[in-house]
Number of protein chains: 2
Amino acid sequence: MATTSARASGQLSERKAAILRALVRQYIRTGEPVGSEMLASTSGLRVSPATIRNELAALEELGYLTQPHTSAGRAPTHLAYRFFVDLLPSRPHLRGSERLAVVQFFEEALADVDEILRGTTLLLSRLTRYASLALAPSLKESVIARCELIGLGSSTLLLVVFDNGRVEKRLVDVPEDATEEDLERVSRSLSSAFRGMTVGAAKQEADRNAAATREPDAAVLRKVGGALGSIDAAAEAEHVLLGGVANIAGEGAFDRRETVREVYEALERESALLHLLREAASTPPVSVMIGAENSIPGMLEASVVAAPFGAGGGAMGTIGVIGPLRMDYESAISAVRIVAERLSAAVEALRS
Amino acid sequence: MATTSARASGQLSERKAAILRALVRQYIRTGEPVGSEMLASTSGLRVSPATIRNELAALEELGYLTQPHTSAGRAPTHLAYRFFVDLLPSRPHLRGSERLAVVQFFEEALADVDEILRGTTLLLSRLTRYASLALAPSLKESVIARCELIGLGSSTLLLVVFDNGRVEKRLVDVPEDATEEDLERVSRSLSSAFRGMTVGAAKQEADRNAAATREPDAAVLRKVGGALGSIDAAAEAEHVLLGGVANIAGEGAFDRRETVREVYEALERESALLHLLREAASTPPVSVMIGAENSIPGMLEASVVAAPFGAGGGAMGTIGVIGPLRMDYESAISAVRIVAERLSAAVEALRS
DNA sequence: TGCTAGCAGTCTCGGCCAGAGAGTGCTAAC
DNA sequence: GTTAGCACTCTCTGGCCGAGACTGCTAGCA
């Protein structure tokens with residue numbers, strides 16, 4: 001029995017675990033190293049500070065704690081945050097007023113997924129007071145609703161409308177000798193040919209058709225295929241939305257100015273964020289990446305709490321918040337989780 | 001003659017002006033208050049520090065300078081920056097390598113104005129090491145190239161393609177009793193009816209047509225009119241692009257952490273930025289707003305350098321950079337100006 | 001009259017020191 | 001195994017001092 005519970009807490013005795021939890025909670029609140037005296041009065045354990053000191057020394061030995069200097073209290077390491085997060089109760093809890101804000105937000109009907117997501121980032125950052133991010137649903141799985149060529153004076157635009165309301169466009173430089181009529185003809189065929197396909201499939205179809213068609217239409221189709229390929233390639237790479245980024249520079253978050261800059265820099269590199277959020281998409285319901293656990297160099301001092309959302313169980317995208325290592329994981333996890341649930345319901349409703 | 005040049009320099013004697021210029025330049029470089037000794041050696045004037053001290057005392061009296069404390073040097077006030085900027089030579093000068101970067105950037109052909117602008121913000125922030133902003137061309141003056149209704153399962157999307165390649169879309173909740181065919185029929189009429197119009201004009205046309213048409217098409221047209229009105233209303237409000245915002249938290253820029261947060265907050269409020277950039281649109285070639293001169297509360301510690309761009313003389317939009325009061329106005333102005341010129345040429349080429 | 005050299009005065013800044021306070025680790029006793 | 005007690009260490013604050021940076025003023029000079 002004793003060993004069982006020790007294993008359940010990750011090799012730590014019940015008491016060590018209790019002390020560690022109390023310490024992390026306290027540190028998250030104050031940002032100051034925590035001492036044994038303080039812990040003795042707040043941890044709820046009926047032991048003396050001296051006993052706690054012994055435990056703290058052991059926890060430091062185990063790598064859960066650090067001391068800035070000998071006469072300071074202890075601060076949590078990455079390991080301690082990880083431990084803390086892993087033992088958090090999975091039931092989200094949000095204050096009534098906040099829960100209400102979430103519900104109200106999703107009551108308004110919004111046009112398309114992107115628009116809903118933009119609002120969602122603002123909602124999340126208002127709730128958590130951290131910066132928030134959202135990875136929009138990948139176009140890879142969306143299906144084409146319409147596809148046509150549009151002449152704009154000198155240039156020609158390929159327009160692709162997806163079933164979720166998103167629109168992608170590319171300039172295509174059609175061959176010099178293609179007439180207005182050629183374009184019309186090809187354009188008419190596109191929608192019927194590609195409707196219901198993913199972009200990837202449509203690209204292949206375009207290439208195949210080009211081979212089986214006479215010039216000059218074949219040349220136009222090849223260009224269309226190229227443009228579709230470009231849309232396909234960029235399909236995931238384009239949409240990371242941010243909200244409440246001023247929170248990063250705010251008081252409660254990062255101590256060092258340099259860290260603030262690093263985080264802003266990381267946020268500007270979309271590809272890195274994408275990688276991060278896509279990882280989170282595969283670990284429902286909520287994934288927490290603490291410090292170095294996230295894959296972005298230069299974000300060692302930041303943690304990310306993220307959750308996938310989607311209609312009917314499939315992950316469409318990811319939302320999350322980004323904050324300091326000593327972020328308030330309990331509220332952040334609750335907020336992200338609840339918002340992800342409601343968001344899933346909202347996109348489901350949109351799709352039906 | 002003496003009075004003339006005094007007036008030209010804004011009531012300051014030649015020598016005061018020279019000293020003030022040297023001081024501002026120095027302060028911009030170092031961020032440290034500047035003393036009389038330093039000025040004596042760098043201003044190029046052949047006078048002693050004592051003389052300079054007399055002049056500095058007078059300049060302080062006039063409101064151009066402040067002293068953090070008695071034994072510090074002097075720092076410029078807003079007035080001094082304004083004076084400095086007003087006397088800057090209007091010929092832009094950029095280092096060869098930077099000029100090359102600008103030219104190279106605009107050699108690549110890009111799909112639409114938004115895409116070019118997004119790249120332009122990155123270019124500007126790389127050149128200046130400040131955050132950059134761009135106000136995209138208003139749709140008010142763009143003209144509709146195509147307009148149609150697209151059914152997406154349960155909902156219907158109104159799609160409007162503009163001649164500059166931009167695409168706007170709105171969900172329209174068509175009347176329950178409208179059939180697939182009704183929609184098709186209305187949709188076919190839209191493009192031919194609205195081509196070449198601005199959104200505003202198209203909205204009026206739709207409303208007029210609705211009145212002159214039989215049900216059920218009239219009901220659909222009314223909805224389309226509503227959606228067009230919404231696009232028209234949002235036409236200007238939607239597009240402020242940002243680039244290089246990490247620079248705001250960087251070393252060279254703002255001293256106080258609180259200021260950094262304020263600026264980020266201001267950048268998140270699009271409406272404020274819009275107002276700012278629209279003002280700048282009317283003062284070619286380059287406008288400089290120093291501290292309180294910009295209309296955004298909470299940005300007293302920031303300056304904005306902005307320039308309008310556009311094809312054929314008309315202002316389409318605005319680009320600019322935002323930095324600290326002690327921003328390097330000379331480079332910033334040069335960079336913004338040259339980029340605006342090239343950008344104007346690029347959109348002109350796009351349109352032709 | 002305007003400029004300048006010299007000088008006294010003022011203020012910040014860094015270093016140093018001492019005392020207070022916080023927190024620890026160790027030891028010895030329960 | 002727990003705890004009280006204690007010596008120890010280290011930071012932090014405030015006070016103090018001297019160095020350094022500038023200034024403003026005054027008096028003398030062209």
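Because only heavy atoms are used, hydrogens play no part in the values below, and waters and symmetry mates are left out as well, while side chains stay in. Labels below follow one simple rule: chain letters A, B, ... track the order of the sequence lines, proteins then strands, and each chain is numbered from 1.
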In whole Å, I'd like the distance from the [atom1] atom of [X] to the [atom2] atom of [N].
| X | N | atom1 | atom2 | result |
| --- | --- | --- | --- | --- |
| L56(A) | dT2(D) | CG | P | 14 Å |
| E60(B) | dG24(D) | CD | P | 7 Å |
| L39(B) | dC22(D) | CG | P | 10 Å |
| R46(A) | dG1(D) | CZ | C1' | 18 Å |
| L65(A) | dG23(C) | CG | P | 15 Å |
| E37(A) | dT24(C) | CD | P | 9 Å |
| L59(B) | dG24(D) | CG | P | 11 Å |
| E55(A) | dG25(C) | CD | C1' | 15 Å |

> Is a side-chain N or O of E268(B) found less than 3.5 angstrom from the main chain of G243(A), in a donor-acceptor match?
Replying inline: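 No, E268(B) side chain to G243(A) backbone: no donor-acceptor pair under 3.5 Å.
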> So, Y329(A) side chain and V305(A) main chain: donor-acceptor pair closer than 3.5 Å or not?
Replying inline: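 No, the answer is negative, given that no donor and acceptor are paired below the 3.5 Å cut-off.
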Below 4.5 Å, heavy atoms only, C-beta onward: do [X] and [Y] meet side chain to side chain?
| X | Y | value |
| --- | --- | --- |
| I338(A) | E98(A) | no |
| I319(B) | S132(B) | no |
| V24(A) | F83(A) | no |
| I248(A) | Y264(B) | no |
| M299(B) | V304(B) | yes |

>> Rounding to 10°, can you tell me the angle the first-five-pair axis of the helix from dT1(C)-dA30(D) to dC30(C)-dG1(D) makes with its last-five-pair axis?
In response: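 One end axis against the other gives 20°.
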So, taking the atom named [atom1] in [X] and the one named [atom2] in [Y], what distance separates them when rounded to the nearest 0.5 Å?
| X | Y | atom1 | atom2 | value |
| --- | --- | --- | --- | --- |
| I290(B) | R82(B) | CD1 | CZ | 4.0 Å |
| R256(B) | E301(B) | CZ | CD | 6.0 Å |
| L12(B) | L20(B) | CG | CG | 6.5 Å |

>> So, OP1 or OP2 of dC3(C): does either fall under 4.0 Å of a side-chain N or O from R15(B)?
In response: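 Yes, R15(B) has a side-chain N/O under 4.0 Å of OP1/OP2 on dC3(C).
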> Would one find a side-chain N or O of T51(B) under 4.0 angstrom from OP1 or OP2 of dT4(C)?
Replying inline: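 Yes, within the criterion.
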> Can you list, by residue number, the residues of residues 70-78 of chain A that have a non-hydrogen atom closer than 4.0 angstrom to DNA chain C?
Replying inline: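 Under 4.0 Å from DNA chain C: T70(A), S71(A), A72(A), G73(A), R74(A).
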> Under a 4.0 Å heavy-atom cut-off, which of residues 24-33 of chain B touch DNA chain C?
Replying inline: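 Heavy-atom cutoff 4.0 Å gives no residues at all.
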> Salt bridge or not for R269(A) and E265(A), using N-O below 4.0 Å?
Replying inline: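 Result for this pair is no, no salt bridge flagged.
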Which nucleotide in the list [options] gets nearest to the side chain of [X]?
| X | options | result |
| --- | --- | --- |
| H69(A) | dG24(D), dG25(C), dT11(D) | dT11(D) |
| N54(B) | dT23(D), dT24(C), dT4(C) | dT4(C) |
| Q67(A) | dG25(C), dT23(D), dT3(D) | dG25(C) |

> For DNA chain C, whose closest nucleotide is more 5', that of R53(B) or that of P68(B)?
Replying inline: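 The residue closer to the strand's 5' end, by nearest nucleotide, is R53(B).
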> Going by atom types alone, do T51(A) and S48(A) pair a side-chain donor with an acceptor below 3.5 Å?
Replying inline: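 A pair is found: one side chain offers a donor N or O, the other an acceptor, under 3.5 Å apart.
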